[in-house]
Amino acid sequence: MPPAAEPRDLGAYLFTIAIIADTHLNEAEYGSASPFECNRLANARTRWIVSRLNQLGPALTIHLGDLVHPVPGLPTYAQAARNFRDLTRALRSPLHLVPGNHDVGDKPVAWAPAATVTDAYLTLWRQHFGEHFYAFDFRGLHFVVVNAQIINSGLAAEAAQREWLERDLAANAGKRTFICIHYPPYVCQPDESESYDNLAEPGRSWLLGLIEAYRPEAMFCGHVHNFWYNRHAETDCYILPSAAFVRHDYSELYRVAPPAPDERGRNDLPKLGFLAVRIYERGHVCHVIRTYGATLDPGDELAPAAESVAPLHTRENVRAPLGLALRQPWVELVEITPTGAVDEFERKKIRNDYPLLALWEMGIRKLRVPFQDLEDPAVRDRMRVLRRLGHDFTVSTFDVPGGRARDLLIEHHDLVAALEVVAPWQEAPRIVGAIGDLKAKAPLTVYLSRLRRKDDAQREAGRYYHFIDHGFVSSERGVIEEFLRAGARGVVDGFVYRVLWPVSPWDEIAAVAEIAAAGGGRSAVLVRMTSQNPAQVFDDDLANANRVAEALAAAMAHSAQGVDVFIDTFADIDRGYFVRTGLVDRRWNPRLGAHVVRNLYAALGETPALLAPGGVHEIPGGKVFTLSRPTEQLALVTPGGKLRLDRVPAAGAPAAPSGVARVIDLGTGFVRRLRWGRQGEELAIDGGLACAVPTLIGFAPEGHRFLGA
């Protein structure tokens, strides 16, 4: 589904292509040569994807290899190949295939347990599936299919492919080109050691040299059964998740043991999926469609697709004032323990890119990071890559950096959308002077945050709560205005405010926006998901999702006043101090809060028209927050549990006696429509509405066409 609004830098939306990888079809419907139970589901999972693709209606589908699970040396290969052709025959879009190592044999590697690629295996592929390297044009795009397995093989086919690829890329240098390959040249770093999961030298450098020379728009890779994104020269490089199972050696990336029911990570359902690639005039956007391992048996039909809001990728979400504080490491290389299955002689150094996937799914642009991220060359390089994709970095530091840190900040100021300086208030005059000196060297936007003194710490009944607290509160407006009059205006661009639990983000963000509108500078509001008690646990998923929904709605309603809002925390903190639930769990799989951000951004970002804030209303079992945009009133419902809603206040409602309400379940994004009618100062919902998760309701007059419909 295309987005409701076109992102400015990408131009007009053209069409969508689907890319799937690693289906690993079996020779029998629920039988597999693999010892893992989830492998038996491969055929049923692929059948579900084929049916889902027919609902989504991509213009083109590409499969990146490992179509089947039996390797070509097994007698069951032919039956698995026939199963693949039979199963995908129902696909309505054109299908192009890339050979994988299960299809034509492994790349040349001495320690691999399976047979490597041979001329006989290539002949078998041709008999069942066609050419193993080729190119084709589609609606102005040029697609190049590369057989990774024959690179470094010494086969005659390697030389033929090499000469063909060099000639093809040169002949099509002016076209938007996409490379499709099974093995990625590398997973995280161009100079990483060879493993089961990448190409060896000299083939790796040869292929990367062609990418550097001809700058294809993107390269899509399979094989590794997990998600990664890299930018090589000017090319976006994606490694896809599998449709069938997860390469669970990479569960080492997560600082938590996998639960037993998911086969120690192999059946980590949220990590299964495929890509929907939206093609625009001036670029593309990749959406990972999580399948959660859904299956479809032979002869069964997929239920008709429910109406849903179209999610916005970070590049598509042009108005995104709500961001996240990145407390956890998000670029570090983790050494994967070799366990003797596919690698045994060296630990693989791998970066976890599931935090990035979660950010893109939610449409998050703004990221708050500590200054140490700017000091780390690897993290800094990653920041530069993400800046090109639309991410903005607020860099937080205690005091104004000096010495080498100051020089580093000046040198890399282009990576910093805002510098957040936390300082003791009694040292504010010195801090202002240091900020002025810094800004004379680099065009930085600088926010000031007030460190709360130790003697301000909370004490109750003789208890001492150890809590590092900083940020202004809206009641300190007079302090801020006096500070600006005293010489800080023109030096300090804005201020950092904090909202502790259980203070309402809606009320505090509105008050901060009023300060900003009155000349109080720009604002960054940090919404904390904890109280000041380090022993108190906040692991109520619904309560946290409600708080995030409230903050996002307030941020969108006051974005015209230059108010940015950051949610703290991104991922679960399940041990130590201030234990709380994040938007994603420790495996970086989405929680309810992540789904709410994704779907609420999708619903509120459908139009460039600004939202007007309304009020907050207590109802039995929850709250209702009202907003409005031209011809439509919005009501955000945050339930404390299951509740029934019959009516909402009419503040800002369209001047009409009745109409249609579009109800969006923010946990799923599914949409349903109900009738409504005006009853005095309220809007009554015909038949009432049951809510158990945050829900957005749009009330519009008769005949109104909802955005995104």
Side-chain angles (χ1 to χ4, degrees), residues 19 21 62 64-65 98 107 133 135 141-148 151-152 161-162 165-166 168-170 172-224 226-241 275 277 279 282-286 288 313-315 330-333 348-357 359-360 376-391 415:
I19 304 182
I62 298 172
L64 295 177
V98 180
K107 68 174 184 174
F133 62 84
L141 308 182
H142 185 63
F143 292 89
V144 179
V145 171
V146 177
N147 184 348
I151 295 175
N152 299 320
Q161 175 176 256
R162 184 185 186 105
L165 182 58
E166 292 172 353
D168 181 87
L169 291 176
N172 294 280
K175 296 181 179 178
R176 295 177 64 182
T177 296
F178 296 80
I179 293 178
C180 303
I181 191 170
H182 187 64
Y183 285 103
Y186 61 89
V187 178
C188 290
Q189 298 174 306
D191 61 349
E192 68 192 19
S193 299
E194 184 194 0
S195 73
Y196 182 73
D197 296 330
N198 56 26
L199 292 180
E201 296 292 0
R204 182 193 302 184
S205 291
W206 164 73
L207 183 57
L208 293 180
L210 292 177
I211 290 172
E212 293 160 10
Y214 294 106
R215 301 183 178 185
E217 184 170 322
M219 176 170 62
F220 300 106
C221 313
H223 182 67
V224 197
N226 283 272
F227 171 83
W228 278 277
Y229 168 81
N230 293 291
R231 176 94 174 172
H232 191 85
E234 298 299 317
T235 300
D236 293 315
C237 304
Y238 305 90
I239 301 177
L240 270 69
L275 283 190
V277 184
I279 304 296
R282 296 187 295 275
H284 66 276
V285 169
C286 290
V288 172
H313 185 281
T314 296
R315 290 196 68 190
W330 59 284
V331 183
E332 69 173 343
L333 293 180
K348 293 178 285 196
K349 294 183 178 180
I350 297 296
R351 182 187 66 242
N352 178 11
D353 273 2
Y354 279 98
L356 179 61
L357 173 56
L359 294 173
W360 286 356
D376 186 315
V379 182
R380 193 167 62 239
D381 288 347
R382 196 65 172 164
M383 291 171 67
R384 192 169 302 280
V385 167
L386 298 191
R387 281 284 286 165
R388 296 173 64 103
L389 297 173
H391 290 284
L415 298 179

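Here the structure is a predicted model, which means the values were calculated and not measured. Values below: every heavy atom of this structure, side chains too, minus hydrogens, waters and symmetry copies.
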Find the distance between [atom1] ([X]) and [atom2] ([Y]) and round it off to the nearest 0.5 Å.
X      : Y      : atom1 : atom2 : answer
Arg215 : His232 : CZ    : NE2   : 11.0 Å
Leu199 : Ile181 : CG    : CD1   : 5.5 Å
Asp376 : Met383 : CG    : CE    : 10.5 Å
Tyr183 : Leu207 : OH    : CG    : 14.5 Å
Arg351 : Cys188 : CZ    : SG    : 4.0 Å
Ile179 : Cys221 : CD1   : SG    : 9.0 Å

**Request:** Please identify each residue that fulfils salt bridge (charged side-chain N to carboxylate O under 4.0 Å, His left out) with Arg384, with sequence neighbours left out.
**Result:**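 Partners of Arg384 by the salt bridge (charged side-chain N to carboxylate O under 4.0 Å, His left out) criterion, ordered by chain and then number, come out as Asp414.
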**Prompt:** In terms of side-chain heavy atoms, does Glu192 have a donor or acceptor partner in Asn198 at a distance below 3.5 Å?
**Reply:**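 Their side chains do contain a donor-acceptor pair, which is all the 3.5 Å distance test asks for.
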**Prompt:** Do NZ/NE/NH1/NH2 and the carboxylate oxygens of Arg204 and Asp191 come within less than 4.0 Å?
**Reply:**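 Looking at Arg204 and Asp191, the cut-off is not met.
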Minimum heavy-atom separation for [X] to [Y], with atom names?
X      : Y      : answer
Ala200 : Lys107 : N-NZ, 4.5 Å
Asn230 : Val187 : ND2-O, 2.8 Å
Val144 : Leu165 : CG1-CD1, 3.4 Å
Arg176 : Gly283 : NH2-O, 3.0 Å
Arg388 : Glu234 : NH2-OE1, 2.9 Å
Gly222 : Leu64  : N-CD1, 4.0 Å

Student check: side-chain heavy atoms of [X] and [Y] closer than 4.5 Å:
X      : Y      : result
Trp228 : Ile350 : yes
Leu356 : His391 : yes
Arg231 : Cys237 : no
Asn226 : Pro241 : no
Trp330 : Tyr354 : no
Phe220 : Leu275 : yes
Tyr186 : Asp197 : no
Thr235 : Glu217 : no

**Message:** If we ignore hydrogens and angles and just use 3.5 Å, is the side chain of Gln161 paired with the main-chain N or O of Asn147 as donor and acceptor?
**Reply:**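 Yes, the answer is positive, given that a donor and an acceptor are paired below the 3.5 Å cut-off.
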**Message:** Keeping Asp381 on the side-chain end and Val379 on the backbone end, is there a donor-acceptor pair under 3.5 Å?
**Reply:**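 Side chain of Asp381 to backbone of Val379: no pair is present.
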**Message:** Show, in sequence, the C-alpha distance, side-chain angles and deciding distance for Leu389 and Tyr229, and conclude whether the side-chain contact (heavy atoms from CB on, under 4.5 Å) test is met.
**Reply:** CA-CA 12 Å; Leu389 297 173; Tyr229 168 81; 3.7 Å; yes
**Request:** Using the side-chain contact (heavy atoms from CB on, under 4.5 Å) rule, take Val277 and Ile19 through it: C-alpha gap first, then chi angles, then the decisive distance, then the call.
**Result:** CA-CA 8 Å; Val277 184; Ile19 304 182; 4.0 Å; yes
**Counterpart residues, ring pair (Phe, Tyr, Trp, His ring centres under 6.0 Å), relative to Tyr196 (two or more places apart)** =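 With sequence neighbours excluded, Tyr196 shows a ring pair (Phe, Tyr, Trp, His ring centres under 6.0 Å) to His223, given in chain and number order.
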**Request:** Under the ring pair (Phe, Tyr, Trp, His ring centres under 6.0 Å) rule, collect the residues that match up with His284, sequence neighbours excluded.
**Result:**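 Ring pair (Phe, Tyr, Trp, His ring centres under 6.0 Å) check on His284 returns Phe178, Tyr238.
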**Request:** Given side-chain contact (heavy atoms from CB on, under 4.5 Å), test Leu141 with Lys175 step by step and report yes or no.
**Result:** CA-CA 7 Å; Leu141 308 182; Lys175 296 181 179 178; over 6 Å; no
